[in-house]
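Working notes, structure below.
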Amino acid sequence: MPQLRKTLGSPNDPEVKALMALMETQSHLTLITWACTEAMKYDLPLTQDNRLRTALEGALAGMPLPEFRPLLAEARKAAGKSKHPVTQAASRAVASACTVVSSPTSALGYCFYHAAAYAYATAGIQAAQEKYDELGRAAMEQLLESLRKVAVADEPNPAKLRWEC
C-alpha cells in the first residue's frame, strides 16, 4: 500500500489561494456554518462515530464555546481513533470543521483534510499520488464554489485570520 498523506493540497495551489482570499472576507460565523455544513454533507457519512455528529450539531447550533469545548475534545478523540485512511481523513476533516468555532483559520485545515477524504474515498487507497492530487484539487475547487455560494458580499465584520502556512 502506498504511503498516504494526512492532507492534500498546498497553500501555494491556485484554488487554495483563492479559498484563503475568500475566507479573509467572511465572518467567523459564516466560516463556521460553511465548514460544518460541508463536513456534515460530505465527510460525516464516511465516518462511524456519533461523537463527530454531536460536535457538528453543537457547532451548527451555535453552542457557547465553554459548553462546546467538551464536544470538540470528543471529536478530536474520535478523529485520532480512526485507522482506515478514508475514515481517518474524514474524521479529521469533521474535527477540523468543528474547530473553526474556536479558531477560524481551521476552516483551511478542514479543506486540506476534506481533500484527502474525498480523494481516498473516490480512488481507493491504492491509487497513484498523481490521482490523489488531481482529486484533491477537484475537492478544493468544489469547496471554493460552495463558499462562494454562501459568501456575504461586503461582509462588515470579517474574521481575523492569521495564516501560519
Side-chain angles (χ1 to χ4, degrees), residues 5-11 13-47 49-65 67-80 82 86-122 135-153 155 157-165:
R5 297 187 340 218
K6 293 179 183 180
T7 63
L8 291 177
S10 163
D13 295 340
E15 54 278 356
V16 175
K17 285 182 177 182
L19 264 166
M20 292 167 71
L22 184 54
M23 286 177 189
E24 290 171 352
T25 69
Q26 297 305 299
S27 71
H28 190 175
L29 181 59
T30 298
L31 294 175
I32 293 167
T33 304
W34 167 75
C36 290
T37 300
E38 291 296 302
M40 182 77 78
K41 193 182 329 177
Y42 297 109
D43 302 297
L44 187 63
L46 299 173
T47 70
D49 199 309
N50 281 331
R51 294 176 291 180
L52 295 165
R53 176 180 299 283
T54 302
L56 276 174
E57 290 170 350
L60 287 167
M63 270 182 133
L65 190 55
E67 293 175 34
F68 182 69
R69 279 193 179 112
L71 298 181
L72 182 55
E74 287 299 313
R76 288 178 175 151
K77 285 180 192 173
S82 301
V86 173
T87 306
Q88 187 177 68
S91 297
R92 287 176 173 161
V94 171
S96 290
C98 292
T99 303
V100 178
V101 169
S102 60
S103 175
T105 55
S106 292
L108 185 61
Y110 163 71
C111 296
F112 292 133
Y113 284 119
H114 167 77
Y118 173 77
Y120 302 152
T122 302
L135 290 167
R137 282 189 297 278
M140 291 293 187
E141 289 169 1
Q142 181 273 325
L143 288 171
L144 177 58
E145 187 57 35
S146 71
L147 183 55
R148 283 181 177 145
K149 287 180 181 175
V150 300
V152 176
E155 169 61 52
N157 193 14
K160 292 173 177 49
L161 303 175
R162 293 185 190 165
W163 304 117
E164 295 183 19
C165 49

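Residues: numbered from 1 along the sequence shown. Only heavy atoms go into these numbers, but all of them, side chains included; no hydrogens, no water, no symmetry mates.
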ask   = What are the two closest non-hydrogen atoms of Ala95 and Ala75, and how far apart are they?
value = CB-O, 4.0 Å
query = Are Glu57 and Met40 side-chain neighbours, meaning at least one heavy-atom pair lies under 4.5 Å?
reply = yes
note = What one should report as the nearest heavy-atom pair of Trp34 and Ser146 is NE1-OG, 2.9 Å
ask   = For Ser96 and Thr99, does a side-chain donor sit closer than 3.5 Å to a side-chain acceptor?
value = no
note = Taken to the nearest 0.5 Å, the spacing of Asn157 CG from Ser27 OG works out to 7.0 Å
Residues that Glu155 engages under side-chain hydrogen bond (donor to acceptor under 3.5 Å, both in side chains), provided they are two or more places apart = none
task = Kindly say whether Leu44 contributes a backbone atom to a donor-acceptor pair with the side chain of Thr47 at under 3.5 angstrom?
result = yes
inquiry  = Holding to side chain to side chain contact (heavy atoms under 4.5 Å, CB included), I want the full list of residues that pass it with Ala35, two or more places apart in sequence or in another chain.
reply    = Ala97, Val100, Tyr110
message = Are the side chains of Glu74 and Thr54 in contact, using a 4.5 Å heavy-atom criterion?
response = no
Residues that Ser103 engages under side-chain hydrogen bond (donor to acceptor under 3.5 Å, both in side chains), provided they are two or more places apart = Thr105
task = Just jot down the side chain to side chain contact (heavy atoms under 4.5 Å, CB included) partners of Ala119, sequence neighbours excluded, or say none.
result = Leu8, Tyr132, Leu135
Gln26 side-chain N/O to Val152 backbone N/O, donor-acceptor pair under 3.5 Å = yes
message = If I take atom CZ from residue Arg76 and atom SG from residue Cys98, how far apart are they, to the nearest 0.5 angstrom?
response = 9.5 Å
Check: Gly109 main-chain N/O paired with Ser106 side-chain donor or acceptor under 3.5 Å = no
inquiry  = Checking Arg53 now: which residues fulfil salt bridge (charged side-chain N to carboxylate O under 4.0 Å, His left out) with it, not counting sequence neighbours?
reply    = none
message = Can you give me the closest heavy-atom contact between Val150 and Thr30, atom names plus distance?
response = O-CG2, 4.1 Å
note = Smallest heavy-atom separation, Lys160 atom then Pro104 atom, equals O-CG, 4.1 Å
With sequence neighbours excluded, residues passing side-chain hydrogen bond (donor to acceptor under 3.5 Å, both in side chains) with Lys17 = none
note = Sorted by chain and number, sequence neighbours left out, salt bridge (charged side-chain N to carboxylate O under 4.0 Å, His left out) with Asp49 holds for Arg51
ask   = Partners of Pro64 by side chain to side chain contact (heavy atoms under 4.5 Å, CB included), sequence neighbours excluded?
value = Pro66, Glu67
request  = Enter the distance from Ser10:OG to Met140:CE here, rounded to the nearest 0.5 Å.
outcome  = 9.0 Å
key: All side chain to side chain contact (heavy atoms under 4.5 Å, CB included) counterparts of Glu24, not counting sequence neighbours   = Leu161, Trp163
request  = Check the pair His114 / Glu38 against side chain to side chain contact (heavy atoms under 4.5 Å, CB included), numbers first and verdict last.
outcome  = CA-CA 9 Å; His114 167 77; Glu38 291 296 302; 5.9 Å; no
Contact list for residues 88-97, test salt bridge (Lys or Arg N to Asp or Glu O under 4.0 Å), sequence neighbours left out = none
key: Tyr120 vs Gln88 side-chain heavy atoms within contact, under 4.5 Å   = no
note = For Ala159 and Leu31, the nearest pair of non-hydrogen atoms, with its separation, is CB-CD1, 4.1 Å
query = Which residues satisfy the side-chain hydrogen bond (donor to acceptor under 3.5 Å, both in side chains) test with Ser82, sequence neighbours excluded?
reply = Ser91
ask   = Minimum heavy-atom separation for Ala59 to Ile32, with atom names?
value = O-CG2, 4.0 Å
inquiry  = List the residues meeting ring-ring contact (aromatic ring centres under 6.0 Å, His included) with Tyr113, not counting sequence neighbours, and say none if there are none.
reply    = none
message = Once rounded to the nearest 0.5 Å, what's the spacing between atom CD of Gln142 and atom OH of Tyr42?
response = 4.5 Å
key: Matching residue for Val16 among Leu108, Leu144, Leu143 - test: side chain to side chain contact (heavy atoms under 4.5 Å, CB included)   = Leu108
query = So do the side chains of Leu147 and Leu19 get within less than 4.5 Å of each other, counting heavy atoms only?
reply = yes
task = Would you check if Val101 and Leu72 make a side-chain contact, meaning some heavy-atom pair closer than 4.5 Å?
result = no
